[in-house]
Amino acid sequence: QAQVVESGGGLVQAGGSLRLSCAASGRTFSMYAMGWFRQAPGKEREFVAAISWSGGNTYYANSVKGRFTISRDKAKNTVYLQMNSLKPEDTAVYYCAAANRPLPSSSSYYFSSSFGSWGQGTQVTVSS
């Protein structure tokens, strides 16, 4: 299965922007989707955004819709998360994940169990 590595986290003021990157390697031909999840201190990991690898269909959590944009570069096996208008509540460790099996439905993109390969995470801190 594919391996993924995130980069691009950091500290930013509220209202600012950051772009996260996630590079996949290994069995990238078997990727069906890539996604971003996040986990804040004391909270469960939650879905942020996902993209189907072949068709580029995108999915967003309501909390980030209109502020975050997920995109992919198939030639580079890389997915990006452009985060604009950041809020302190966006502070979390952001994880990239790859789905190595076909996702049976659109709703599958929202669940961490649909993704089999995970990165180590990158910290995003938004100060008020």
Study note, to complete from the structure: Between A33 and Y109 the two heavy atoms that sit nearest each other are CB-CE2, 3.5 Å
Revision key, fill the gap. Here the pair of heavy atoms bringing Y95 nearest to G119 is CD2-O, 3.6 Å
Revision key, fill the gap. One should read off an interatomic distance between S17 OG and F68 CZ, to the nearest 0.5 angstrom, of 9.5 Å
Review point. Which heavy atom of V4 sits nearest a heavy atom of A98, and at what distance?
Key: CG1-CB, 3.9 Å
Practice item. Kindly determine whether S114 and Y32 satisfy side-chain contact (heavy atoms from CB on, under 4.5 Å), including the steps that lead there. Key: CA-CA 10 Å; S114 298; Y32 292 87; over 6 Å; no
Review point. Roughly how far apart are N77 CG and M34 CE, rounded to 0.5 Å?
Key: 8.0 Å
Check your understanding: Is there a donor-acceptor pair under 3.5 Å between the side chain of S85 and the backbone N or O of R67?
Key -> no
Point to revise | Least distance between heavy atoms, S21 atom then T78 atom | key: CB-CG2, 4.5 Å
Point to revise | Geometric cation-pi criterion R19 and Y80, 6.0 Å radius, 45° cone | key: yes
**Study point:** Sidechain-backbone polar pair: R72 side chain, S54 backbone, donor-acceptor under 3.5 Å
**Key:** yes
Using a 3.5 Å cut-off and no angle test, enumerate the donor-acceptor pairs between side-chain atoms of residues 121-128 and protein atoms at least two apart in sequence or in another chain.
residue : atom : partner : partner atom : Å
T122    : OG1  : G9      : N            : 3.2
Q123    : NE2  : A92     : O            : 3.4
Q123    : NE2  : T125    : OG1          : 3.3

Review point. Does one hydrophobic cluster hold both I51 and W118, with members joined at side-chain heavy-atom distances below 4.5 Å?
Key: no
Point to revise | Donor-acceptor pair, side chain of Y60 and main chain of I70, under 3.5 angstrom | key: yes
Review point. Between CZ of F111 and CZ of F37, what distance do you get to the nearest 0.5 Å?
Key: 9.5 Å
Review point. Are the side chain of Q120 and the backbone of E6 linked by a donor-acceptor contact shorter than 3.5 Å?
Key: no
Exercise for review: First locate atom CG of L20, then atom CD of Q82, and finally report the distance between them rounded to the nearest 0.5 Å.
Suggested key: 9.0 Å
Check your understanding: Could you walk me through whether C96 and W36 pass the side-chain contact (heavy atoms from CB on, under 4.5 Å) check?
Key -> CA-CA 5 Å; C96 176; W36 290 95; 3.9 Å; yes
Point to revise | Whether Y110 and Y59 hold their rings parallel, tilted or perpendicular, with breakpoints at 30° and 60° | key: perpendicular
Point to revise | Whether S52 side chain and N57 backbone form a donor-acceptor pair below 3.5 Å | key: yes
Review point. Taking a hydrophobic cluster as the set of Ile, Leu, Val, Met, Phe, Trp and Tyr residues connected by side-chain heavy atoms closer than 4.5 Å, whether directly or through intermediates, do F115 and V48 fall within one such cluster?
Key: no
**Study point:** Euclidean distance, F47 CZ relative to R38 CZ, rounded to 0.5 Å
**Key:** 11.0 Å
